[in-house]
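Proteins get letters first, then strands, A, B, ... in listed order; numbering begins at 1 in each.
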Protein chains: 2
Amino acid sequence: MSDLLQRLRSRGWRLTSQRRVVAEVLDGDHVHLTADEVHLRAAARLPEISRATVYNTLGELVAIGEVLEVSTVGRAKRYDPNARRPHQHLMCSGCGMIRDVHPVGNALGDLPESERFGFAVGSVEITYRGLCPACA
Amino acid sequence: MSDLLQRLRSRGWRLTSQRRVVAEVLDGDHVHLTADEVHLRAAARLPEISRATVYNTLGELVAIGEVLEVSTVGRAKRYDPNARRPHQHLMCSGCGMIRDVHPVGNALGDLPESERFGFAVGSVEITYRGLCPACA
DNA sequence: TCCTACGATGGACTTCGTCCAAGTCAAGAA
DNA sequence: TTCTTGACTTGGACGAAGTCCATCGTAGGA
Ligand SMILES: [Mn+2]
Ligand SMILES: [Mn+2]
Ligand SMILES: [Zn+2]
Ligand SMILES: [Zn+2]
């Protein structure tokens, strides 16, 4: 994910080993880790990285739009590096596992003006819930 | 909401004053309260009701499908008594306010088999995010 | 190489929620 | 009506997730 690192550098971020490791951990498809999972994996590469730094870095990545926060019901937030391609989620009610699924239309356009109550609607989050094969 | 109380009675629930008050607090349209808000309002009518009982009762109402949990990003869960009519949410990113909106025949649960990854899909949660007129 | 502002650290703290042992009471039985 | 009993409630301890902050360390420009 040196692409991401490049973009961070061009935003004036210092490329610390901690940020590098967090970026590496977030690489891949169907990645939706909790902050603690990110910390665990980051610590495997850089043992002394702190929880606070992981939270700080994730928060910054979210703020600049490189990572999305996925909302959950009563579980820890999950962080999604797949922010460039719009997609939806399939979430297991048993174990919390998440898969990416891809929309067949413009979901935003599905909300007619008459249902917007004067809101400036900017995004839509769609989550399918069910049980994964392992939990069923 | 004596309808709800009737249904609870027919399920064998004891109709305690605490449960009555929680049910009363949840009555109305566009109601999406946090557990603490429910406790606050319930305590206005029944001062000694405990937080534990509010959590217990909300959990039971959710378990039997009378109330829905609305997921939020990093904020407290919200409880939605409008479980009988399927609907979606319009949430203000500024103040957290939630309005109910109703789908216009968009393919709600129509996640194609090829995108289900073997999951047993049971429901879908759709949340539009934006700024309400007051926050815009 | 040196400087220093930006970033990392760990531990205290907050918020949201769960758990539990002990006390209370709704509602059926007699 | 009173009795009985197990379902319900309670307060407080506990836990998980996340924030804050004083202090220390270092990336990267001069
Ligand atoms: Mn995703
Ligand atoms: Mn609702
Ligand atoms: Zn599962
Ligand atoms: Zn608002």
Measure [atom1]/[X] against [atom2]/[N] and give the value in whole Å, please.
X: A:K77; N: C:dG17; atom1: NZ; atom2: P; answer: 14 Å
X: B:L46; N: D:dT9; atom1: CG; atom2: P; answer: 10 Å
X: A:L5; N: D:dA27; atom1: CG; atom2: C1'; answer: 15 Å
X: A:N56; N: C:dC6; atom1: CG; atom2: C1'; answer: 12 Å
X: B:L8; N: C:dA26; atom1: CG; atom2: P; answer: 16 Å
X: B:R9; N: D:dA7; atom1: CZ; atom2: P; answer: 17 Å
X: A:R20; N: D:dT26; atom1: CZ; atom2: P; answer: 14 Å
X: B:E60; N: C:dG17; atom1: CD; atom2: P; answer: 16 Å

Study note, to complete from the structure: The answer to which of B:R75 and A:S17 contacts DNA chain C further toward the 5' end, by nearest nucleotide, is A:S17
Check your understanding: Given that A:T16 and B:R14 both sit by DNA chain C, which one's nearest nucleotide is further toward the 5' end?
Key -> A:T16
**Study point:** Donor-acceptor pair between A:Q88 and A:T127 side chains, under 3.5 angstrom
**Key:** no
Exercise for review: Name the residue closer to the 5' end of DNA chain D, choosing between B:W13 and A:D36 according to the nucleotide with the nearest heavy atom.
Suggested key: B:W13
Check your understanding: When the ring planes of B:H87 and B:H32 are compared, do they come out parallel, tilted or perpendicular, using 30° and 60° as the limits?
Key -> tilted
Please confirm whether the shortest side-chain N or O distance from [X] to OP1 or OP2 of [N] is below 4.0 Å.
X: A:T53; N: C:dT9; result: yes
X: A:Q18; N: D:dT26; result: no
X: A:Y55; N: D:dG18; result: yes

Check your understanding: Got A:E60 and A:Y55 here, is their nearest side-chain heavy-atom distance under 4.5 Å?
Key -> no
Review point. Can you tell which of C:dA27, C:dT9, C:dG7 lies closest to the side chain of B:L15?
Key: C:dA27
Exercise for review: Name the nucleic acid region contacted by A:R51, choosing base, sugar-phosphate or nothing; use a 4.0 angstrom heavy-atom cut-off, strictly under.
Suggested key: base
Check your understanding: How is A:A76 classified with respect to the nucleic acid when contacts are heavy atoms under 4.0 Å: base, sugar-phosphate, or nothing?
Key -> sugar-phosphate
Review point. Within the side chain of B:T57, is there an N or O that forms a donor-acceptor pair under 3.5 Å with the backbone of B:T53?
Key: yes
Practice item. Run the salt-bridge test on A:R78 and A:E37 with the 4.0 Å N-O cut-off and return the result as yes or no. Key: yes
